[in-house]
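Numbering of ligands and ligand atoms starts at 1, following listing order. Just so you know, these numbers use all the heavy atoms, side chains as well, and skip hydrogens, waters and symmetry mates.
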Amino acid sequence: MAVVFSFLSVSVWAQTEKAPAYLNPNLPVNQRVDDLMKRMTLQEKIGQMCQYVGLEHVRESIKKLKGKNLKGDDQYGMYPHLSINDLKQLTREGKIGSFLHVKDAREANELQRLAMQSRLKIPLLLGIDAIHGHALIYGATVYPTQLSLSSSWDDSLLYQIAKATAAEVRATGMHWTFSPNVEIARDPRWGRTGETFGEDPFLVTRLGVDFTEGYQGNWGKNNILACAKHMTGGGEPFNGLNAAPLDASERRLRNVWLPPYKAQVEEAHVYTIMAAHNEISGTPCHENKFLLTDVLRNEWGFQGFVVSDWMDMERIYTLHHAAPSYDAAYRQSIEAGMDMHMHGPRFLKSVEKSVETGKLDEKYIDNAARKILYAKFKLGLFDSPFVNEKKAEKALFTPAHQKLALRAAREDIILLKNNGLLPLKGAKKILVTGPNANNQRILGDWAYRQPDDHVTTVYEGFKEIFSGAQVDFINSGESLLHPNDELLKKPVSKAAGYDAVIVVVGSNSLRYDDKEKNCGENVDRGTLNLMGNQLKLIKEIYAKNKNVVVVFVNGRPLAEPWIKKNIPAIIEAWEPGAFGGQAIAEVVKGTVNPSGKLTITIPYSVGQVHMIYNHLPSAYLHKYVDIPSSPLWHFGYGISYTTYKYAGLQLPKQVHLNDTITASVKVTNTGNRDGVEIVQLYIRDDYSTATRPVKELKAYQRVLLKKGETRTVTFHLPVAALAYYNAQSKYVVEPGTFTIMVGSSSRNKDLLKGKVLVIK
Ligand code: BGC
């Protein structure tokens, strides 16, 4: 089919006039862009900046929304005053440059066919939130969510997952993912916590770079554009609610929030950036010239384009009241550095009018259109806009991708507590229960329902892995928002008759389960305990049978000190993806030795928020009178079926500013099975002109140690990595002593410490 369509588009030109230069695939991309730009009207150029949701998505939304919601609701993708035919017509007229949320390869081709009917035959750039696999597409591979993936601390794994995701996205005719999310998650009430790589700027930076490099590669035919989002500050909304404001000094922005974006631009060469919903210190990010132009382009040299988030240009006017009209809001946003509008019809006419009346300089439109067109040429869309629909299906959920998803789930799972109950080798009778035991909640947010045979639920995983044993599932009720205590009776009454009971609890981030989800985008919380009757279920089962394993399947940290105190074995699985059930069962059985470590602090209760490991020195001068002042589980923590001993931290006494610190430590596997240990290196600046965190992660290594093996783990840390934005807002290393800490988690007792003097 693909051949037929490209042939058609070329032959139309052949009959009428000589094909224009920009359609010549042999010319350099910039020359093609120049040629095309010369031929475009103002309206066509603004058209490139316009993004809409796909036709099928609109159809679905219309079905969902009834009555007055159909007019006002902007959460779903639909356009109250536009029919599907109108959308098609706009595409034919070259008034749409991009779509998001296209359903499959068939729809992608349908849209491109419409675009090929436009005057200049400019292909569409199709974007989608393929943020942990191409999970909004039926039949795709769903990897663990970002927070889960980060628990592996495995750069090469993340790179490979992004690369594999890109191949699935591209095969379905799409070219751009709104990923990675490189926000720093500092408030677990925020429903999008699970969408991030956790709370640490350094780790988020590294893993974000891995993702973007995996997606974009060398812009080949299996690569896609990445989008670093959402710039910035959304992970610390002042009340825990998505899109709420952040107040932060420029120094804090540069020390905490901006490092991941800087590396995205300078190191990973990310081509697109999405602005954040929130405002920072009085300026909405969507009209923040400091962020989108001064820092992003002028300081870091960003060459790509910035896309708005869902209706956020409009919200400069309607929500923030920072513009007197839609027209002004669009102008302010564009002048600040915005290039593409997600999503909908109002933008084009308004911007056109602003340019025609001299209120907006056309240079902004030219710059934006040029960058968007550049991407379309470089991705090869002008030369081959269509995909083969049959091949697309085969490219999804391939054996290689399944293997990768299983590997990821195995590496991500974190064992938090084990008093000897695990591994459950000899169990003959196992009961699996709890609201997350036998459904697709292991997939997390930004996933649609997948074919049942693509997903191994936790119960299914146990049946498969403990095949010689009796494994029963008893439904305790799945609703977390409307729990039914009657349903607890059966699992509780049967619990005593089993060798062990696996209780799978947590949260529900499934976006298609609107009425029941309690986590995910726009699902924020004021508490952090297990919702519904989950704790009751655990307590009642524990009263009948002490051999309880609690498995958390959740998209944000949950604070349940009772479980930590009483339950003998606790597993944090986050949202481990399509093979999560299998991997959890393997960990419980011991065929997989767990190695994941927390990339976010789990607080003791919601009152501890913001409980982060890299807090400032004065944060805990005083203690709470009613709760502990240390977290429930520390950043970097996670145990294994073996044990490790750290000894002999070696450090140079003194280094110059342009030296490298070589730090080494001996790590011994002191238990009786092989394992992977994640060795972490933190620093503390002993004296600084502006206050600095008590610990800052600066390096980590995953190390495979055979039982009994000792290895010397060596870090080469450039002294430059100790820099920060100081009291004068200069990025410098301030000479003096630094404490270097190496160990198995950020908890003090897990760290060896030494001092290094940095001199000029
Ligand atoms: C989210 C973005 C996402 C976009 C498109 C917004 O609501 O904030 O992260 O990329 O929708 O789906």
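Protein heavy atom in closest approach to atom 12 (O) of ligand 1: D129 OD1, 2.6 Å. Taking atom 7 (O) of ligand 1 as the reference point, the nearest protein heavy-atom neighbour is E521 OE2, 2.5 Å. Nearest to atom 9 (O) of ligand 1 among the protein's heavy atoms is H230 NE2, 2.6 Å. Given atom 8 (O) of ligand 1, the protein heavy atom at minimum distance is D309 OD2, 2.5 Å.
With hydrogens and angles left out, the side-chain atoms of N367 and D339 include no donor and acceptor closer than 3.5 Å. Using modelled atom types, one finds a donor on one side chain and an acceptor on the other under 3.5 Å when comparing W176 with T272.
For the pair R297 and F302, the cation-pi criterion (under 6.0 Å, within 45° of the ring axis) is not fulfilled. In this structure, K163 is not positioned above the aromatic face of W219 in the sense of NZ or CZ being under 6.0 Å from the six-membered ring centre and within 45° of the axis.
Under 4.0 Å from ligand 1, not a single heavy atom of N181 appears. With a 4.0 Å cut-off on non-hydrogen atoms, R192 touches ligand 1 through its side chain and not its backbone.
Every atom of ligand 1 with a heavy atom of L100 under 4.0 Å away is listed here by number and element: 5 (C), 12 (O). Listed by number with element, the atoms of ligand 1 under 4.0 angstrom from any heavy atom of F178 are 10 (O). Heavy-atom contacts of W310 reach the following atoms of ligand 1: 6 (C), 7 (O) (cutoff under 4.0 Å).
When atom types are taken as modelled, the side chain of Y79 and the backbone of Y52 share no donor-acceptor pair closer than 3.5 angstrom.
Heavy-atom separations between M274 and ligand 1 include at least one value shorter than 4.0 Å.
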From CA spacing to verdict: salt bridge (Lys or Arg N to Asp or Glu O under 4.0 Å), R206, D200: CA-CA 10 Å; R206 296 317 325 146; D200 181 68; over 6 Å; no
side-chain hydrogen bond (donor to acceptor under 3.5 Å, both in side chains) between N181 and Q146, worked out: CA-CA 8 Å; N181 186 329; Q146 269 194 219; 5.4 Å; no
